[in-house]
Every structure is written in C-alpha cells, then in structure tokens.
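Report on the following structure.
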2 protein chains.
Amino acid sequence: MQTNTLSRETLLPLLAAHVLQHGLGGASLRPLAKAAGTSDRMLIYHFGNKQTLVSDLLQYIADIYSAALELAIGETRAQTREECVTRILEQARQPTMQAFLVLWWEIVAGCARDLPGYKDAADKMMAKQLMWLEKLMPEDDPDPAGGTRYLMTIIEGALMLNVVGHSRTAQEGLMAGDLASGPSPS
Amino acid sequence: MQTNTLSRETLLPLLAAHVLQHGLGGASLRPLAKAAGTSDRMLIYHFGNKQTLVSDLLQYIADIYSAALELAIGETRAQTREECVTRILEQARQPTMQAFLVLWWEIVAGCARDLPGYKDAADKMMAKQLMWLEKLMPEDDPDPAGGTRYLMTIIEGALMLNVVGHSRTAQEGLMAGDLASGPSPS
DNA sequence: ATAGTTATGTAGCGAGTGCTACATGCACTG
DNA sequence: CAGTGCATGTAGCACTCGCTACATAACTAT
C-alpha cells in the first residue's frame with residue numbers, strides 16, 4: 001500500500017517548511033514546488049489552483065502550530081498572572097517559535113485584507129493559544145476566563161510592539177500594568 | 001514658480017492614495033504609475049528604483065498618518081484610563097482610519113520580515129501614537145508615562161484581535177482588565 | 001490483453017514584473 | 001545660435017507569474 005506518489009498530505013509539510021522560512025505572500029509556485037521536490041505542474045494538479053493550495057497550507061500550518069503549542073505546554077500552572085505573561089513571552093522568543101511569529105504577522109495582514117483562508121487559520125491559531133493560556137493560568141485566579149482574555153490582549157500587544165522595534169514600550173507597559181495581582185475587588 | 005513637472009513631492013500623495021486602497025505588498029510599478037498619472041518609466045526616474053520608492057512612500061504615509069492623528073486629537077483629556085482605551089478604539093473604527101489600519105498590519109508584517117524601510121515607518125507611527133495617547137491620558141493619572149505604554153500595549157493587542165476576528169476576545173479581555181481604576185497602590 | 005484512470009514530464013502561453021535604451025522636446029546658458 | 005542637461009514618451013528586454021496542452025508511463029479493473 002505504501003506508494004511513492006505525492007499527495008496533499010506528503011506535500012504539505014515540505015511546503016509549510018518553505019513558507020515558514022520564506023514567507024507566504026511572496027511564495028510562488030515554482031519555488032514552492034522546488035522546495036517540495038516537484039514541479040509547479042504537480043502542485044496545481046494536486047491542489048487545483050494556487051488559492052486552495054494557500055488555504056490548505058494555512059490550515060496545515062495552523063495545525064502544526066497547535067501541535068507545537070501542545071508540545072510546549074508546561075506541566076505546571078503559573079503562580080501569578082504576571083508569570084503567565086512572562087512565560088509566554090519567553091516562549092515566543094524561542095527559535096522554534098520565531099518562524100511562526102514572523103508568519104503570524106503575515107497572516108494578520110492577510111486577515112486585514114480579507115484574503116481567503118487567512119481568517120480561518122488565524123482563528124484556529126488564536127483559539128489554540130487561548131486554550132493554552134487558560135491552562136497556564138494560576139489555579140486560584142478569581143476570573144480565569146476573563147483573565148485569560150485580558151492577558152491574551154496584553155500579550156498580543158506586547159508581541160506586536162516587539163516586532164516593530166518598540167519592545168521597550170511593551171516592557172515598560174507591562175511593568176506599569178499591575179499584573180502581579182489579580183483584578184482588584186470592586 | 002508653479003510648474004507642471006512631476007516630482008517625488010507631487011507623486012507621493014497619489015501613490016499613497018493608491019497604496020492605502022490597494023495594499024503595499026502587491027503594488028507594482030505600472031498600476032502605481034497609472035494611479036499617479038504617469039508611467040513606470042517616470043517612477044523609476046524620480047525614485048531610482050522600486051525599493052527607495054517604497055521606503056519614501058512609507059515615510060510619507062507615516063507623515064500623513066501623523067497628520068491625521070493631529071487632526072483627530074481631542075481637545076479634552078479623558079477622565080479615566082478606560083475612557084482612553086474606548087475613545088481610541090472608537091476612533092480606530094472610523095472609516096478614515098480603516099485604510100491606515102489595514103495598511104498598518106502589512107507594515108507590521110514587513111517589520112517582522114525586516115524589509116527595508118518598514119521599521120522606520122512603523123517607529124514613526126508608533127511614536128506619534130504614543131504621543132497622542134499621552135496627551136489623552138487623565139490629568140490625575142498616577143503614572144502617566146507607564147500608563148500610556150500599558151494602555152498602548154492593550155490597545156494594540158485589542159486591534160490585532162479585532163482584525164483576526166476575535167474582537168469578542170478583546171472585548172471580554174478589556175472588561176476583565178480592571179481599567180476603570182489606575183494601578184492599585186502596592 | 002485491453003481499456004481506463006491516475007500520476008508525472010516537457011513545453012509553452014499570455015500576462016505582468018522591474019528596469020533600460022534610445023530618442024525627443026524643452027528650458028536655460030554660453 | 002550652439003550646447004547642455006532635465007523631463008518625458010515609446011519600445012522593449014529578460015524574467016517570473018499562474019496555469020494549461022499534450023504526451024506518456026504506471027497501475028487497475030474487466
């Protein structure tokens with residue numbers, strides 16, 4: 001039953017590797033095909049056209065991103081919200097995650113322009129990240145669901161500031177953000 | 001002194017208008033030239049090559065973004081940090097700002113890929129936004145500088161979540177974020 | 001064995017890419 | 001008036017783009 005024939009399934013990992021390294025927007029069929037050891041002819045044959053190739057690829061990348069998060073999930077919950085943020089930001093600095101992060105902003109830009117397939121992938125990745133963060137939240141947090149979303153907002157903001165060279169702004173913002181405690185009782 | 005001759009200065013507004021509408025990444029010389037009423041030949045003549053055209057264009061766009069913020073600046077400070085956030089997010093929903101926002105994520109993606117000229121433009125735009133926000137901060141805020149950066153982080157995170165279709169996540173995050181008060185005394 | 005489906009190679013099409021060669025008008029200067 | 005440099009038009013180059021036509025091998029079903 002084991003054949004050497006190419007298929008979407010065997011192609012996608014190789015395509016994903018190329019895209020993670022060289023970007024998604026500028027990716028054209030021939031370089032993609034070369035990276036996968038085929039021809040543009042075969043990519044069109046297996047995916048129909050470039051757009052569905054990109055959509056399928058985005059879905060696949062979202063999946064392996066989820067898997068990467070699954071692997072990186074800590075066995076222990078954080079003690080404080082602040083630790084949540086620092087642990088996640090630290091994990092985002094890992095070289096493994098770097099390629100994902102660079103690609104992520106391209107996906108966000110694609111979402112902003114409503115490119116087909118982008119929003120679905122972004123949604124999947126965000127959902128996974130939310131789940132991941134929720135599992136990391138301190139056990140005794142007074143508002144785990146809301147707190148997760150609050151921290152997620154802060155983390156994404158910090159990641160963005162990092163990428164545009166304002167990591168200092170993010171850092172100072174986090175320090176001023178009073179994350180050590182949970183929300184104050186109202 | 002008034003001549004009809006084209007120049008970078010007369011070209012840039014027209015180019016910027018085109019880019020704000022159609023995006024930056026996929027912009028190629030001939031459509032750009034058409035939008036500016038010239039030929040690709042002339043664009044290269046005035047800018048030397050496409051890369052410096054894009055860099056100059058990014059600078060120009062950062063400038064008009066600054067001008068737009070200048071115009072939109074409120075005469076009154078906000079009363080609370082929460083009002084800061086809601087006023088800015090509301091302003092980001094304005095149609096005028098929409099085109100900037102879409103382009104912004106393309107600029108962020110360009111920063112992540114280290115494309116030449118992108119980081120400079122992003123830096124200029126971020127600096128202006130920080131200044132704008134600082135002017136909006138409540139008069140009696142206990143930590144205006146840190147608070148500005150904290151809110152900026154949150155705002156950018158919320159904008160990103162909006163763009164990928166997780167505006168609900170951002171909204172719930174903001175509600176859980178305890179922004180009504182300043183930082184609690186430690 | 002024959003017919004049909006599936007997978008692949010070769011070649012190329014028409015459109016678009018950034019950029020250049022070349023010619024020409026035009027204003028200005030000697 | 002000759003010369004010089006700037007601004008612009010026309011044409012095209014070498015290349016890449018997504019995609020297709022066509023041939024053909026390999027396997028499968030009858």
Side-chain angles (χ1 to χ4, degrees), chain A residues 1-19 21-61 103 106-107 109-110 113-118 121, chain B residues 1-16 18-19 21-61 106 109-110 113-118:
Chain A
M1 198 51 194
Q2 180 261 14
T3 68
N4 258 353
T5 76
L6 284 290
S7 69
R8 283 168 224 238
E9 286 67 37
T10 63
L11 251 11
L12 281 173
L14 302 166
L15 296 176
H18 180 264
V19 158
Q21 196 170 1
H22 298 95
L24 189 47
S28 52
L29 288 183
R30 270 169 264 246
L32 279 172
K34 195 173 202 175
T38 350
S39 61
D40 54 335
R41 165 75 181 73
M42 279 296 101
L43 293 185
I44 297 293
Y45 176 73
H46 282 296
F47 292 93
N49 52 52
K50 193 192 178 186
Q51 181 184 299
T52 69
L53 184 154
V54 169
S55 296
D56 289 5
L57 193 44
L58 281 170
Q59 281 300 311
Y60 179 76
I61 286 172
L103 192 61
E106 212 167 337
I107 294 176
R113 288 233 176 263
D114 253 328
L115 302 186
Y118 280 67
Chain B
M1 200 49 194
Q2 179 258 15
T3 68
N4 257 354
T5 76
L6 283 291
S7 69
R8 284 169 222 240
E9 286 66 36
T10 62
L11 251 12
L12 281 173
L14 302 166
L15 298 176
H18 180 263
V19 158
Q21 196 170 2
H22 298 95
L24 191 45
S28 53
L29 288 183
R30 269 170 266 245
L32 279 172
K34 196 172 201 176
T38 348
S39 61
D40 56 333
R41 166 73 181 73
M42 279 295 102
L43 292 185
I44 297 294
Y45 176 72
H46 283 295
F47 293 93
N49 53 50
K50 192 190 178 186
Q51 182 184 300
T52 69
L53 185 154
V54 169
S55 297
D56 289 6
L57 194 44
L58 280 170
Q59 281 300 311
Y60 179 76
I61 287 171
E106 213 167 335
R113 287 233 176 265
D114 252 329
L115 303 186
Y118 280 68

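Each chain gets a letter, A, B and so on, in the order the sequences are listed, and its residues count up from 1.
In this structure, the CG atom of B:Leu29 is 13 Å from the C1' atom of C:dT20, given to the nearest Å. Atom CD1 in B:Ile44 sits about 15 Å away from atom C1' in C:dA21, given to the nearest Å. Spacing between atom CG of B:Leu43 and atom P of D:dT8 amounts to 11 Å, rounded to whole angstrom units.
With A:Thr38 as the partner, the side chain to side chain contact (heavy atoms under 4.5 Å, CB included) test is satisfied by one option alone out of A:Lys34, A:Arg41, A:Met42: A:Met42. Among the candidates B:Leu29, B:Ile44, B:Leu58, the single residue satisfying the side chain to side chain contact (heavy atoms under 4.5 Å, CB included) test with B:Leu53 is B:Leu29.
Scanning residues 45-59 of chain B for heavy-atom distances under 4.0 Å to DNA chain C yields B:Asn49, B:Lys50.
Here the CG-CZ distance, from A:Leu43 to A:Arg8, works out to 11.5 Å after rounding to the nearest 0.5 Å. To the nearest 0.5 Å, the span separating CG on B:Asp56 from CD on B:Glu9 amounts to 9.0 Å. With rounding to the nearest 0.5 angstrom, the CG atom of A:Leu12 is 4.5 Å from the CZ atom of A:Phe47. Between the CG atom of B:Leu32 and the NE2 atom of B:His18 there is a distance of 5.5 Å, given to the nearest 0.5 Å. Taking CG from B:Leu11 and OH from B:Tyr60, the interatomic distance works out to 11.0 Å, rounded to the nearest 0.5 Å.
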Using a cut-off of under 3.5 Å, enumerate the N/O to N/O pairs linking the protein to nucleotides 9-13 of chain D.
| residue | atom | partner | partner atom | Å |
| --- | --- | --- | --- | --- |
| D:dG9 | O6 | B:Arg41 | NE | 3.0 |
| D:dG9 | O6 | B:Arg41 | NH2 | 3.2 |

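B:His22 places none of its side-chain heavy atoms less than 4.5 Å from the side chain of B:Pro31. At least one side-chain heavy atom of B:Arg113 sits less than 4.5 Å from a side-chain heavy atom of A:Leu103. Residues B:Ser7 and B:Thr10 are in side-chain contact: their nearest non-hydrogen atoms beyond the backbone lie under 4.5 Å apart.
Remark on the helix from C:dA1-D:dT30 to C:dG30-D:dC1: inter-end axis angle 10°, axes from five-pair C1' superpositions, rounded to 10°.
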